Structures are given as C-alpha cells and as structure tokens.
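Before any comments, here is the structure.
For clarity, every value in this text was computed on a predicted model and none was experimentally measured.
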Amino acid sequence: FKEEPLEFRPGEKYAYSANGFELLGAIIEKVTGKTYYEHVKENIFDKAGMVNTSFEADLGSAMGYTNKDDDGNPVLEDRRSNASINFIKAGAGGSGYSTVQDLLAFSQALWDNKLLSPEMTQMATSPKVEIGTKNGETLYYGYGFHILKVGDVLRVGHGGEFFGVSARFDTYPSLKYTVVSLSNYDAPAAHRVAEKIKELIMHRN
C-alpha cells in the first residue's frame, strides 16, 4: 500500500486504517530485531497468560459463517463457511484467534500494568482524536483503543470483523467490568450483544 495516495493530510481528520497497524508491525520488527509474532507473543500473550491465543487457526477454532459474497455484499440467503476466504495467518492489521478467557486475561494484565508502565497505559487508553458524538455519547480513538465516553464513564476497547466473524472487547476501568463478545457470524452479531450489555451496565450504575 506504500504506493497508494493518502486519503487526507495527516492530522486533518480520523479514519481507521488496518494498513497503519501493518506499518506499526514493521516498525516493531525494525526496532526489536524480532519478528512481529515473536515480539507480541513474548510481550503480550506470555505476560498476560493468554494460552489459547495465536496468529493461526487450529482444529479447535470455530468456523465462521457469512451471508456475504466475495465482494462483501450481504446478498446470500444462506450462510456459507468462510474457510475459503479466511486468512491463513494473521498480521499486525488483525485476524488473530483468541478466546473469551484469554481476552479477560489481557484486560487484567493491561489494567494491572503488566504490559505497559502505568504512564504508558494511561497514555494509550486516553482519548486522542474525537470521532463523533451520538445520543450523548462521544467516541474517541487512543493508541489502538476505541474510547467511548458515556457521562463520566469511559469504555475502552475495540471491535473487529471479517467475513463470518465479529468481535468486541470492551473494558469499563472505573467500574471494573470487562465485556468480551465473540461470534462466528457477520457483524453486527457480536456488537449487538456488547451494546446490550453496555445498556445493562449503565442502567445499573
């Protein structure tokens, strides 16, 4: 993608970019002298105790099912397996494999400052760029985290999706909640579950 033109001048506005994360992965390799996979396993998976998280599917991985065609249009009446269109191996831009238990372990390690110093954790999970406001809720982006402000409560996490899979990882640090929703259906399957849980949490608090 290095030959592609910029969509806008850096700093003018926000747009999510998986290619940006691929670039960060290349920077990690340049700085550490290790592969991206080695560095992430040693410094995130192992430190957090994420024993069932990897960059490749295995026999225990759930199969994804999609009703989209190869161009991403939701036109198929019956869902089909995503095996023929799924990535063989994940990259820095996404498509890794994990479990609810491992993502809970990641949340605990993150907020216990086992992955970053307290100062760096605060920096990464603090609002940097405002994305938009809807129904009194303001969404920001930090350093690799979506940050939603609902009143005085911050929700820190991220979502993901591909053909036949969707995921949401949300933490509510001030309330001590972690919400993980994983689905082997197209988005917004997992997102609907996470949003309903958000409503329940906010109503309770």
Any idea which heavy atoms bring [X] and [Y] closest together, and the distance?
X      : Y      : answer
Ala48  : Phe106 : CB-CA, 4.2 Å
Ser166 : His191 : CB-NE2, 4.2 Å
Pro127 : Ile147 : N-CD1, 3.5 Å

Presence of salt bridge, [Y] and [X], under 4.0 angstrom:
X      : Y      : value
Arg192 : Glu199 : no
Glu161 : Arg168 : no
Glu42  : Lys34  : yes
Lys47  : Asp112 : no

Inset, instruction - Using modelled atom types only, decide if a donor and an acceptor are shared between the side chain of Asn184 and the backbone of Ala62 within a distance under 3.5 Å. - result: no
Legend entry - Donor-acceptor contact present, side-chain Asp102 to main-chain Thr53, <3.5 Å: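 Flag set: sc Asp102 to bb Thr53 pair under 3.5 Å.
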Inset, instruction - Compute the centroid of each ring, for Phe55 and then for Tyr97, and state whether the two points are separated by less than 6.0 Å. - result: no
Inset, instruction - Classify the ring geometry between His158 and Phe21 as parallel (under 30°), tilted (30 to 60°) or perpendicular (over 60°). - result: perpendicular
Inset, instruction - Would you indicate whether the side-chain heavy atoms of Tyr172 and Ile201 approach each other to under 4.5 Å? - result: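 In short, these two side chains touch, coming nearer than 4.5 Å.
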Inset, instruction - Please assess Arg80 against Thr66 for the test side-chain contact (heavy atoms from CB on, under 4.5 Å), listing each intermediate value before the final yes or no. - result: CA-CA 5 Å; Arg80 60 174 175 138; Thr66 181; 3.8 Å; yes
Legend entry - side chain to side chain donor-acceptor pair (under 3.5 Å) against Lys41, all qualifying residues, sequence neighbours excluded: Asp46
